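Written out below as structure tokens is the structure these notes cover.
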Amino acid sequence: MRRSLVVGNWKMNGTLASGKALVQEIVSGLDNTNADIAVCPPFIYLSEIDKLLQGSHLKFGAQNIADQESGAYTGEVSASMLKEINCTYALVGHSERRSYYGDTNETVAARFNQALSQDVCPILCVGETLEQREQDKTFQVIDEQLNAVIDLVGIESFAKAVIAYEPVWAIGTGKTASDEQAQEVHQYIRQQIAKRDQSIADNMQILYGGSVKPDNAKALFAMADIDGGLIGGASLDAESFLGIYNSI
Ligand code: PEP
């Protein structure tokens, strides 16, 4: 039986004070450990958030991670730096990184590899644009995004990773994929992993992301291959985020 996971991606929002208040509200409202839960604040707040979360069921992650180990890479934050502050997860290949900051399937694979090298669990984000969906290229895009990582790190590495399917057209748009549309792609992703390793596929947490809210989470999370969510906008409000968590 797979455990579910709900992750909040705060993106570049809030202040240190509002971030601390948000985690305190989430922690005090968390009344069960039925599923895993984490927040991904901006890098600069992570150490402060870490202090508030010691011993808590709520974990934290980074929104990105360097594709190199160390050295002259201005503006990057390495896997070992994140490990040093107890970071549990790192998003890799979020569609905003791919579209605004030039992340490619190859650099995403390198980031994934760096995260694993320090036991930071990578959350690999994959998903198609609206144009790609309309051209019937969804599965092809997912294959390319997955294969680049599998080719670099090997399928065994997916035993320590999470995948998030986030159709780009559903992120921050208020348009959620229907439960069936999301399930179809989740099932496809699991089958691609299963072709290489059945047991890793059976245990793999595959999250759905794209305008998840408390009122649509329950039906999405009830689908056979959806093991929780990667939540943007709704993770900035403790009540909404906890509402989503509690619908697992
Ligand atoms: C995201 O950015 O990963 C995301 C899913 O955002 P939203 O929930 O706001 O669509």
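Order of listing sets the numbers, starting from 1, for every ligand and every atom in it. Because the structure is predicted, anything quoted here is derived from the model rather than measured.
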- Item | Closest protein heavy atom (residue, atom, distance) for atom 9 (O) of ligand 1 | Gly233 N, 2.9 Å
- Given the rule that I, L, V, M, F, W and Y join up when any side-chain heavy atoms are under 4.5 Å apart, are Leu236 and Val212 in one cluster? yes
- Message: Below 3.5 Å, N or O to N or O, backbone or side chain included: is there any such pair between Ile231 and ligand 1?
- Response: no
- Nearest heavy-atom approach of Ala164 to Leu230 is CB-CD2, 4.0 Å
- Query: If you group Ile, Leu, Val, Met, Phe, Trp and Tyr by side-chain heavy-atom gaps below 4.5 Å, do Tyr89 and Leu53 land in one group?
  - Reply: no
- So, does Cys125 sit close enough to ligand 1 that a heavy atom of it is under 4.0 Å from the ligand? no
- Message: Checking the N or O distance criterion of under 3.5 Å, is ligand 1 in contact with Ser211?
- Response: yes
- Query: Can you find a non-hydrogen atom of Ala234 under 4.0 Å from ligand 1?
  - Reply: no
- Query: Considering only the protein, which heavy-atom contact is closest to atom 2 (O) of ligand 1, and what is its distance?
  - Reply: Lys11 NZ, 2.5 Å
- Taking non-hydrogen atoms only, is Ile171 closer than 4.0 angstrom to ligand 1 via side chain, backbone, both or neither? both
- Using heavy-atom distances, let me know which of Pro167, Gly172, Gly232 sits nearest atom 10 (O) of ligand 1. Gly172
- Note on the structure: Looking only at heavy atoms, the pair that brings Asp197 and Ile200 closest together is OD1-N, 3.0 Å
- Message: How about CD on Glu131, more than 12 heavy atoms from neighbouring residues, nucleotides or ligands closer than 6.0 Å, or not?
- Response: no
- Message: Once you measure the plane-to-plane angle for Tyr208 and His186, does it fall in the parallel (<30°), tilted (30-60°) or perpendicular (>60°) bin?
- Response: tilted
Give every donor-acceptor pair under 3.5 Å between a side-chain atom in residues 148-163 and any protein atom, sequence neighbours left out.
| unit_1 | atom_1 | unit_2 | atom_2 | d |
| --- | --- | --- | --- | --- |
| Ser157 | OG | Val153 | O | 3.0 |

- Note on the structure: Counting from 1 in the order shown, the ligand 1 atoms closer than 4.0 Å to a non-hydrogen atom of Gly210 are 5 (C), 10 (O)
- Please identify which atoms of ligand 1 are closer than 4.0 Å to at least one heavy atom of Ala170. 10 (O)
- Is Glu76 salt-bridged to Arg111, going by a charged N under 4.0 Å from an acidic O? yes
- Presence of salt bridge, Lys20 and Glu48, under 4.0 angstrom: yes
- atom 3 (O) of ligand 1 - nearest protein heavy atom and its distance: Glu166 OE2, 2.6 Å
- Task: Can you sort out which atoms of ligand 1 are near Asn9, meaning under 4.0 Å from one of its heavy atoms?
- Result: 2 (O), 3 (O)
- Message: For atom 1 (C) of ligand 1, what's the nearest protein heavy-atom neighbour? Residue, atom name and distance, please.
- Response: His94 NE2, 3.3 Å
